[in-house]
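For reference, the structure discussed in these notes is given below.
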Amino acid sequence: MIVALAFFIEQFDTAALIISVPVIAADLGVEPLRLSLLVTAYVTSVVLFMPASGWLSNRFGVRRIFLAALSIYVGGSIGCSLSSNFEMLIAFRIVQGMGGAMMTPVGRLIMLRSFGRHELIAAMGLMTAPVLFGPLLGPLIGGLISSHADWRWLFLVNVPVVLCGLLATVMIVPTDIPTSRTRFDLRGFLLLSPGIVLLQFAIEMLKSPGVWRSMAALPAGLALTLILGYWLHASKRHTAALLDIGLLRSQSFRAGSIVGGLSRMGFNATPFLLPLYLHFVLGYGPGISGTIVAMAIVGSLAAKPFNGWLVRNLGFRTTLAGSAVLGSLLIGALALYGSEVPLWLLAIHIITIGATQTIQYNTLNIISYIDVTPERLGAASSLGGIIQQLSMGMAVSWCAAVLGILGGGSLAPWHFRTVFVIAALLPLLATFGFLRLSQARSGPADRSRSELPHTDD
């Protein structure tokens, strides 16, 4: 429950912030698409510091790092609430990202170390159940605050929650003994982290007008060079590298992280696009927009009891491919709606997307770690966490970039419809990767290898 609290906080903040983008943009006097930086700055900060989370946990202990992460996150939240301009808000979102970089992967590592393989699905189900309320309460509370109070209260709501998490961690989480004295891979850090940041920066430049957009190829080329340099470096150091890329040799980890990341980029585009579409095209305020977006959680809760049954009876390959195809159709269908769409129909549509997304994400989380040996769980948690964060950041970045390229300063309905169609293609492309899963993962789950228990989670 303590780990779930950390995941809940991150989900809540992002969901509440996205639904409030039009109000924050108007108050700070910036273009709404520029506020995608509130998400991407956070994600970039997470990705910049997350590679060190596995090493820090092994070097200083997971309990100590988890406490530090929560403390940094709450400090960033208070700073965001005191921000008087856009630049200050971005700076403190980066501070929040520093905390989030350690908070979620270290929390996941606590989970993975605390439960045996045969208990993992049940444990993940218990952990993710409270997490689902983050995307539910985020749009609802974010919409209410944006409609009736100063948006800065969005960042103060989580402060008492984080303080409770700090107290519970001190009282309940046992002190652990550091397990490693290996040297930090500084060369790998200096290659990988700037490379990822430059790649994110290149995508952000695509939203800029004129000459800046044409110069995006420069940071993109430098980013790819640094990432390739890290790949060569990590190939030599193997498990001593900052991130253990040898994990990608596992078909199940590769399907859950790389192929799953492509699918997540399509699914993650919807929570960013939908509030903007509801506000600028359909004319709804943040209160109604927040309620519609939050309907996804109803589908998530409804689908959750069936997730284990689907995996046991259909196998990973069919469950992942089927949910990706269904998700692609549902996301693409959003492009068909106009201003005359009834709210009840849109709500049912979002509920169905939420159910499909939950089945997809939960299955991805299981298959990513199910074949990882105990001594590599920390490395797997760091690498998997970075790929998940990148999929969220890239989803927001490319959506904002395409909208900026198509519409510039003015947004028309067809701009959103085009981006919804592009988003729908990503899970569809991921389907081909899921279908390549081996026969052992394609039929009913192989109980001898994955030891899947009979659980509703």
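These numbers come from the heavy atoms of this one structure, side chains and all, not from hydrogens, waters or symmetry mates.
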Measuring from atom CZ of Arg63 to atom CD1 of Ile172, what distance do you get when rounded to the nearest 0.5 angstrom? 10.5 Å

CG/Leu274 to CG/Leu346 distance, rounded to the nearest 0.5 angstrom? 6.0 Å

Gln388 (side chain) donor-acceptor with Gly261 (main chain) under 3.5 angstrom: no

Under 3.5 Å, is there a donor on one side chain and an acceptor on the other for Ser77 and Gln96? yes

Checking Thr363 against Leu310 for the side-chain contact (heavy atoms from CB on, under 4.5 Å) test, could you report, in this order, the C-alpha distance in whole Å, the side-chain angles of both residues, the deciding distance, and whether it holds? CA-CA 9 Å; Thr363 309; Leu310 287 170; over 6 Å; no

Is the ring pair Phe155/Trp151 parallel, tilted or perpendicular, if the boundaries are 30 and 60 degrees? perpendicular

All side-chain hydrogen bond (donor to acceptor under 3.5 Å, both in side chains) counterparts of Thr356, not counting sequence neighbours: none

4.5 Å side-chain heavy-atom contact, Tyr42 and Leu17: no

Side chains of Ile288 and Leu278: does their closest heavy-atom pair fall under 4.5 Å? no

The test is side-chain contact (heavy atoms from CB on, under 4.5 Å); show your working for Leu364 and Leu320 and say whether it passes. CA-CA 8 Å; Leu364 288 172; Leu320 288 171; 3.6 Å; yes

For the side chain of Ser328 and the backbone of Ala324, is there at least one donor-acceptor N/O pair under 3.5 Å apart? no

Return yes if some donor-acceptor pair links the side-chain N/O of Arg264 with the main-chain N/O of Ser257 below 3.5 Å, else return no. no

Checking side-chain contact (heavy atoms from CB on, under 4.5 Å) for the pair Leu403/Leu273: CA distance, chi angles, key distance, verdict? CA-CA 10 Å; Leu403 285 174; Leu273 287 171; 3.9 Å; yes

Is it the case that the side chains of Asp185 and Tyr230 hold a donor-acceptor pair, with the cut-off being a distance below 3.5 Å and no angle test? no

Would you say that Phe12 contacts Val157 through its side chain, given a criterion of any heavy-atom pair below 4.5 Å between the two side chains? yes

Taking all atoms of both residues into account, what is the closest heavy-atom pair of Val106 and Val62, and its distance? CG1-O, 3.6 Å

Counting N and O atoms only, with roles assigned by atom type, does the side chain of Ser81 sit under 3.5 Å from a partner on the main chain of Ile78, one being a donor and the other an acceptor? yes

Are any non-hydrogen side-chain atoms of Ile359 and Phe306 less than 4.5 angstrom apart? no

Dump the intermediate steps for side-chain contact (heavy atoms from CB on, under 4.5 Å) on Ile90 and Leu38, then the final yes or no. CA-CA 6 Å; Ile90 292 294; Leu38 292 178; 3.6 Å; yes

Tell me, please, which residues at least two apart from Ala430 pass side chain to side chain contact (heavy atoms under 4.5 Å, CB included). Val259, Leu262, Ser263, Phe434

Show the nearest heavy-atom pair for residues Ile9 and Val161, with the distance to one decimal. CG1-CG1, 4.0 Å

Got Phe201 and Thr44 here, is their nearest side-chain heavy-atom distance under 4.5 Å? no

So, taking the atom named CE in Met102 and the one named CZ in Phe66, what distance separates them when rounded to the nearest 0.5 Å? 11.0 Å

dist Leu425:CG -> Met265:CE (nearest 0.5 Å) comes out at 12.0 Å

With side chains defined as the heavy atoms from C-beta onward, is the minimum distance between Leu5 and Leu70 less than 4.5 Å? no

For Ile422 against Val402, the heavy-atom pair lying closest together: CD1-CG1, 4.3 Å

Which heavy atom of Gly327 sits nearest a heavy atom of Phe267, and at what distance? CA-CZ, 3.7 Å

Could you tell me whether a side-chain N or O of Ser193 sits under 3.5 Å from a main-chain N or O of Leu190, the two making a donor and an acceptor? no

Only residue of Asp27, Ile24, Leu89 satisfying side-chain contact (heavy atoms from CB on, under 4.5 Å) with Arg152 is Asp27

Is there side-chain contact between Ile353 and Leu334, with at least one heavy-atom pair below 4.5 Å? yes

Once rounded to the nearest 0.5 Å, what's the spacing between atom OG of Ser147 and atom CG of Leu144? 6.5 Å

Tell me the closest heavy-atom pair linking Ala395 and Asn268, and the distance in Å. CB-CB, 3.7 Å

What I'd like to find out is whether the side chain of Leu48 reaches to under 4.5 Å of the side chain of Ile196, using heavy atoms alone. no

Expected output: side-chain Ser71 to main-chain Leu67 donor-acceptor under 3.5 Å: yes

Minimal non-hydrogen separation, Ser20 against Gly142, with atom names: OG-O, 3.4 Å

For the CG atom of Leu276 and the NE2 atom of His415, what is their distance to the nearest 0.5 Å? 13.5 Å

